[in-house]
Q: 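Here's a structure for you.
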Amino acid sequence: MACVILKTARRPSLSPLLTRMRDREPGLAASLLGGAVAAGLGFGSFAVLVMVLWVSSPYPDSGPSGALHIAAALWLLAHGVELLRTDTLTGTPMPVGVTPLLLMLLPVWLVYRAARVAVDAPEDADGPPPVPAQTACTGVVLGYLGVGCAIALYCSGGELRPQWLWVTACLPLVATGAAAAGVWAAYGCPREPVLGALAVLPGQVRRVVFGEDERARLGTAVRAGGAAVAVLLGGGALVLAVSLVWHGGAARASFLQLTEGWTGRFAVLLLGVALIPNAAVWAASYGLGPGFFLGAGHLVNPFASDPAPLLPPFPLLAAVPDAGAGTPPNWAAGLVPVVAGVTAGWFVARGAVKRPAPGAPASARWSAARTAGVMLLTATLCAAAFALLACMAGGPLGVSALARFGPVWWQAGGAVGAWTALPGMPVALTVRVWRLWRLRKPGGDIPSQGARTGAAGAGNPKDHGKAGDPATAKDAAKAKNPTKADGAAKAENKAEPEGDTEPADPGEAEEAGRAADGTGKAKATHTDNGTQAKGTQGKGSQPGSGKEADAGRVSTARPQTMTEDDESYDVLPTDDAFPSDWHDDLARASRWAALREAAAPPEPPAPRAGPDRTEPSPDAPEPPDTAG
C-alpha cells in the first residue's frame, strides 16, 4: 500500500521541450500565427488577381501552375526583391528590379495590422496587460518570414526567379519595419523608443544637433520633413497628370497598341496604376533638377531631354517630355521643390514660437540660430526620406541600355536637401519674427484673463467686480438689477449689526438667511427699540428672497477676483477665511444652525394666516396707535 501511495504521489517529469513551451511568454503563438496569416493573405490576394486574368485571357500560355508562379513573383517584387527573367531571346537571364510602390502597400499594411492585433492592448484599465513589444514583433516577423521563404522556394521554379541575396535582405527588412511600426502604434506611439534610437550618436553630436530639448526639435523636424515630402510627391503627381494630358494622344495610342482584348488592356491598366507612385517620384526628381534615366546614357531633366528611342510603347512613358532643350513649361516644374521648401520653413517657424498661456507674455522657444539649426535638420531628414523613395522607385529592366531606370538616389536626395534649406531658411526666420510680433502686440492673439481695465470694462458690471472693490461691485450689481441689489443689502444689514466693524458671526448670517428665505412663513425679528415686527414674504416675489439673502450673506466676506469661469454667476462665491480639509461651507452652516436651534428657547406658535391675509393671535398685544 505504501508503494502505491509513493508511486501515485510522484509527479511525472516533463520533457525540456514541454517545459519551454509551458514557460514561454504569453502571446508568442498568437504572434506567430498572425504573421503567417498576413503573409498568406498577401500572397492569396495576388494569386486571386492573376488567376482571374489568366482565366479570362483568350490565349493562356500556361496552366494554373504558371499563373501561381507569376503571383509568387509579384508578391516578392512587392517587397523589393529583384527577379531574374529566364525566357529571353538570347537565353541570358535579365534582371527585373523596378518595384511598383503601390503593390508594396498591401504587404506592409497586412504586417502592420498583424503586429497591432498581436499586442492585444486592452481597451480599459481593468483588462489583461498587453503582450510585450519584443514578443509581438518577433513572433509576427518570424511567422511572416516562414511563409515568405516557402513562397520564394516555390517561385524559384518559374520563369521569374528571385535572387536569394535580395530575398535575405528585403524580406526581413520590410517585415521588421512594418511590424515595429504596428507595435509602436499599438502602445500609443510613445516617443521614448524614438529618442532611445538616438543613443547611437555620440554625445557631442547630439548636443550640437538637438540640444537640451531634443524631443521638441526632433518632433518639429519630423513634422516639417513629412509635410515637405508630401508636397514633393503631390507636386510630382500633378506634373505627371499635366504631362499626360499634354501628350494625351500619344498615351492613348500606346495603350491601344500594346495589347488587344479587354483582358490584356485591363492588365496594362492595372500595371500603369501600380506604377503611378513611381512616376510621381520620377516627376518630382525631374522638378528638382537631377531628373531621371530612361536607360543607360539617356537622361531627362528640365534643361535637356534625351529619351531612349527603343523603349516599348507604354502610357506612362508617353508622358516623358519631348527630346531637345528645355522650355519655360519644362522649367515650371521647379516650382514644386520651392513650394516644398516654403512648407518646411512654415512648419519650423510654428515650432520655434510657442503659443503663450492665458495671461503669460509671448516668448520664443528657440532663438534664430536654433531655428536655423532645426531647419537644417529638417532638410537632412527630407533628403534621407526622398533618397529612399528614389532608390525603391527605380531599378534595372535588363542589361546594357536597360540597366538603369529612374532617378539616381544620391543625386535626388542631395537636391531635396538643398531645395528644402535654401527657400525654407528665410521663410522660417521671417515667419518666426512675424509670429512673435503678432503675439506680443497689444490686443494680439489671446488677451490675458483679468487684463481688461479702464475704459475696456467701464460698461460691464462684471468687470468692476474683477477689480476687487466691494463698493464698486455692489454699485455695478445694483445698476444691473436694482431689485436683487436692494434685497442683498437688506439681508446684509440684518446679518451685520450696526456699529460693529468685526466680521459677522456665521450663526447670525445663517439666521439672516433663514429669515429671508422666501418660503412664505412669517418670521419675527427683534429691533433695537424692543418692538416686534411681523410680516409675510411671497416666494421669489419680493426682495429678500433666498437667492438675494445668500447674496447679502456672501457679501460680508472678503472680495474675490472674478474670472471668466465665474461670469455666469450674479454674485461670486467666496472662500472660507479658515479653510478646513474635511468639511465645506454648507456643512459648517448646517452645524451652526443645529447648535443655535438647540440652545435657543422654544418659539411661540406662529399665528394662523388666512388664505388672503394674516390674522393676529388673540393673545398677541395690540400694536401701538401711531395715527396721531
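Scope of the values below: all heavy atoms of this structure, side chains included, with no hydrogens, waters or symmetry mates. Just so we're clear, the structure is a prediction, and the values are computed from it rather than from any experiment.
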Q: To the nearest 0.5 Å, what is the distance between CG (Asn301) and CG (Leu288)?
A: 11.5 Å
Q: Hey, does the side chain of Ser285 reach the backbone of Gly291 with a donor-acceptor pair shorter than 3.5 angstrom?
A: yes
Q: Has Trp166 got more than 12 heavy atoms of other residues, nucleotides or ligands less than 6.0 Å from its CH2?
A: no
Q: Heavy atoms only: give me the nearest Thr263-Ser56 pair and the separation to one decimal.
A: OG1-O, 3.0 Å
Q: Is it true that atom CH2 of Trp164 has more than 12 heavy atoms of other residues, nucleotides or ligands lying nearer than 6.0 Å?
A: yes
Q: In sequence, state the C-alpha distance, the side-chain angles, and the governing distance for His298 and Phe293, and then conclude on ring-ring contact (aromatic ring centres under 6.0 Å, His included).
A: CA-CA 6 Å; His298 299 279; Phe293 281 93; 9.1 Å; no
Q: Locate the shortest heavy-atom distance separating Gly182 from Arg116; write the atom from each residue and the value.
A: O-CG, 3.1 Å
Q: Could you check if a side-chain atom of Val336 sits within less than 4.5 angstrom of a side-chain atom of Val239, using non-hydrogen atoms only?
A: yes
Q: Within the structure provided, determine whether Ser254 and Phe314 are in side-chain contact (heavy-atom separation under 4.5 Å).
A: no
Q: What are the two closest heavy atoms between Ala385 and Val229, and how far apart are they?
A: CB-CG2, 4.2 Å
Q: What is the minimum heavy-atom distance between Gly42 and Leu106, and which atoms define it?
A: O-CD2, 4.5 Å
Q: Tell me, do Asp306 and Val300 make a side-chain contact under 4.5 Å, heavy atoms counted?
A: no
Q: May I ask you to decide if Leu240's main-chain N or O and Ser243's side chain share a donor-acceptor pair within less than 3.5 Å?
A: no
Q: Using 0.5 Å steps for rounding, measure from the SG atom of Cys155 to the CG atom of Leu83.
A: 6.0 Å
Q: Are the side chain of Asp120 and the backbone N or O of Val131 linked by a donor-acceptor pair below 3.5 Å?
A: no
Q: For a 4.5 angstrom cut-off between non-hydrogen side-chain atoms, does Pro290 reach Val408?
A: no
Q: If you apply the rule side-chain contact (heavy atoms from CB on, under 4.5 Å), what do you find for Leu103 with Phe46, and how did you get there?
A: CA-CA 9 Å; Leu103 294 182; Phe46 287 104; 3.8 Å; yes
Q: Evaluate the side-chain proximity of Thr380 to Thr420: yes if any heavy-atom separation is below 4.5 Å, no if none is.
A: no
Q: Report the distance from atom SG of Cys382 to atom CG of Leu232, rounding to the nearest 0.5 Å.
A: 7.5 Å
Q: The criterion is ring pair (Phe, Tyr, Trp, His ring centres under 6.0 Å); which residues satisfy it with Tyr286, sequence neighbours excluded?
A: none
Q: Looking at every non-hydrogen atom in both residues, tell me the closest pair between Val140 and Ala115 and how far apart they are.
A: CG2-CA, 4.0 Å
Q: Rounded to the nearest 0.5 Å, what separates atom CG in Leu316 from atom NE2 in His247?
A: 13.0 Å
Q: Just by modelled atom types, is the Trp366 backbone N or O under 3.5 Å from a matching donor or acceptor in the Arg432 side chain?
A: yes
Q: I'd like to check Val338 versus Trp419 (side-chain heavy atoms, cut-off strictly below 4.5 Å). Are they in contact?
A: yes
Q: Please answer whether the main-chain N or O of Leu53 pairs with a side-chain N or O of Ser57 as donor and acceptor at a distance below 3.5 Å.
A: no
Q: If you draw a 6.0 Å radius around CZ in Arg265, do more than 12 non-hydrogen atoms from other residues or ligands fall strictly inside?
A: yes
Q: Check for a donor-acceptor pair, side chain of Trp410 on one end and backbone N or O of Ala387 on the other, with a separation under 3.5 Å.
A: no
Q: Under the side-chain contact (heavy atoms from CB on, under 4.5 Å) rule, what do Val399 and Met94 come out as? Steps first, then yes or no, please.
A: CA-CA 6 Å; Val399 295; Met94 299 291 180; 3.5 Å; yes
Q: Describe, in one word, how the ring planes of Phe405 and Trp282 are oriented to each other, choosing from parallel (under 30°), tilted (30 to 60°) and perpendicular (over 60°).
A: parallel
Q: Going by heavy atoms in the side chains, are Arg365 and Arg370 under 4.5 Å from each other?
A: no
Q: Assess whether side-chain contact (heavy atoms from CB on, under 4.5 Å) is satisfied between Leu102 and Ile276, documenting all intermediate values.
A: CA-CA 8 Å; Leu102 193 61; Ile276 284 179; over 6 Å; no
Q: Would a distance-only check, ignoring hydrogens and angles, find a side-chain to backbone donor-acceptor pair under 3.5 Å from Thr220 to Arg217?
A: no
Q: Measuring from Thr327:OG1 to Phe303:CZ, what's the distance to the nearest 0.5 Å?
A: 12.0 Å
Q: Set out, in order, the CA-CA distance, both residues' side-chain angles and the distance that settles side-chain contact (heavy atoms from CB on, under 4.5 Å) for Leu270 and Leu49, then state yes or no.
A: CA-CA 10 Å; Leu270 290 181; Leu49 179 61; 3.8 Å; yes
Q: Decide salt bridge (charged side-chain N to carboxylate O under 4.0 Å, His left out) for Arg161 and Glu82; before the verdict, give the C-alpha distance in whole Å, the side-chain angles of both, and the deciding distance to 0.1 Å.
A: CA-CA 9 Å; Arg161 301 177 181 179; Glu82 189 172 302; over 6 Å; no
Q: Do any N or O atoms from the side chain of Thr86 and from the backbone of Glu159 form a donor-acceptor pair under 3.5 angstrom?
A: yes
Q: In Å, rounded to the nearest 0.5 Å, how long is the span from CH2 of Trp75 to CG of Leu171?
A: 5.0 Å
Q: Using a 4.5 Å cut-off on heavy atoms from C-beta on, say whether the side chain of Leu376 contacts that of Met425.
A: yes
Q: Between Leu101 and Val281, what is the shortest heavy-atom contact and its length?
A: CD1-CG2, 4.4 Å
Q: Looking only at atom types and distance, does a side-chain atom of Thr430 sit under 3.5 Å from a main-chain N or O of Val427, one as donor and one as acceptor?
A: no
